[in-house]
Amino acid sequence: MNDIYKLNKPSGQPMATRNVDSIAFQANIKDDWLDRLITSMYIVLTGTLFSISLAVLLGFNS
């Protein structure tokens, strides 16, 4: 039987290493959801207030 792994030598390095840039990028992603939430709420609130103001100015009655 031919063992294809017999030439493997331990390097002493962990199997999975993580780059510092990827760690910083993941930290930014974790904080970005709050920024997107605030921006979305601001856009919805602005649109609602604009619609109500326009309706009042044009004299629409509900």
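Positions are given from 1 along the sequence. Small disclaimer: the values here were computed from a predicted structure and weren't measured.
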The side chain to side chain contact (heavy atoms under 4.5 Å, CB included) partners of L58 (sequence neighbours excluded) come to L54, F60
The reported gap from CG in D35 to CH2 in W33 (rounded to nearest 0.5 angstrom) is 10.0 Å
Report all side-chain donor-acceptor pairs from residues 40-48 shorter than 3.5 Å, counting only partners two or more places apart or in another chain.
residue: S40; atom: OG; partner: R36; partner atom: O; Å: 2.9
residue: T46; atom: OG1; partner: Y42; partner atom: O; Å: 2.7
residue: T48; atom: OG1; partner: V44; partner atom: O; Å: 2.8

For L57, the hydrophobic cluster (side chain heavy atoms closer than 4.5 Å, chained through members) also holds none
